[in-house]
Amino acid sequence: MKKRDFLRLSGTVAVGTMMIPMISCKTGDKDSNGEAKKVSQMEFELPDLPYGYAALAPAIDEQTMKIHHGKHHAGYVRKLNAALAESKGYEGNSLEEILAKVDPSETGIRNNGGGHYNHSLFWNIMSPDGGGEPSSDLAAAISADFGSFSEFRSAFTAAAGLFGSGWAWLIVTNEGQLAVCSTPNQDNPLMKNVSETTGQPILGLDVWEHAYYLNYQNRRSDYIEQFFSLIDWGTVEKHWKAAR
Ligand code: MN
C-alpha cells in the first residue's frame, strides 16, 4: 500500500482543536462597576514570542520583529476582538472554528482573525536553533508527497513568490496529504468559504513587505531563503501529527 493511501484510510479529520498552544484567549470577568460581564464572546490576546526579539537575527532583524509582533500582530488581535464584539454566531468558538465559518464578506473577522492565526503559527514554527531538514516520519511524508525535500523547498519557495501580500503554506489536506499553497492578504487554508485550497496549516511564511522590507528591501527571495534557516522542524512535525 502506498503511503498516501495509508494516510487516506487512517487519517482522522482534524476538528477545531487548539493545535497551537500559543493562541490563548480569555473570557471577560468584571466590568468597571464590578458587575459580572456576560461571557458571550472570547477575547483573544497577543501571545508572547517564544524567543527574544533579537533571537532570529540576522535572518530576521530585531527591529522588524518588534514592529511585526508589537504593532502588526497586536493590531490584528485588537481589531479581531472589536469585529467579534460586533458580530453574532461565533460565541464560544475557538479561533480555528471562527476561521472555518467566516464568510468572505465579513472582512473584519476574515482579515484580523486570519492575521492573528497566521502570525501565531509563524512565530511558533521558527526558532534560533532551527534550519536543516525534518527527520524521521515527516521527512518520509515530504519525500512521499513531493518527491524529495529539495522539491518541497522549490514548491514552497515558488508559492512564497506570489504577487502582492500574502502567505505561503505547507498544509495537511483533508485527505491527509502534504501540500503547498499560497493565500493573499491574511487569508489562510482554514477558511473553507474563502480559500481555494483548504487544509490544516502546519508551516507558514509571511511575505508581506512589513515582514522583511527593513532588512531585505525588495529582495524577497533572499528573505525566503533565510527563512529556511529558522524553521523549527520539530514543531512542524508536532503540528503535522496533530493534523492527520
Ligand atoms: Mn505580518
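For ligands, and for the atoms within them, numbers begin at 1 and follow the listed sequence.
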For a 4.5 angstrom cut-off between non-hydrogen side-chain atoms, does F122 reach H73? no

In the hydrophobic clustering (ILVMFWY, side-chain contacts below 4.5 Å, transitive), which residues join I67, or is it alone? L214

Count of N, O or S atoms belonging to protein, less than 2.8 Å from the Mn ion (ligand 1): 4

Using the ring of each side chain (for Trp, its six-membered ring), is H68 parallel, tilted or perpendicular to H72, with breaks at 30° and 60°? perpendicular

Residue pairs meeting ring pair (Phe, Tyr, Trp, His ring centres under 6.0 Å), one or both in residues 174-203, sequence neighbours left out, come to none

Scan the side chains in residues 127-136 for donor-acceptor partners under 3.5 Å anywhere in the protein, sequence neighbours excluded, and list what turns up.
{"from": "S127", "atom 1": "OG", "to": "D129", "atom 2": "N", "distance (Å)": "2.9"}

Parallel, tilted or perpendicular: ring planes of H210 versus Y76, cut at 30 and 60 degrees: tilted

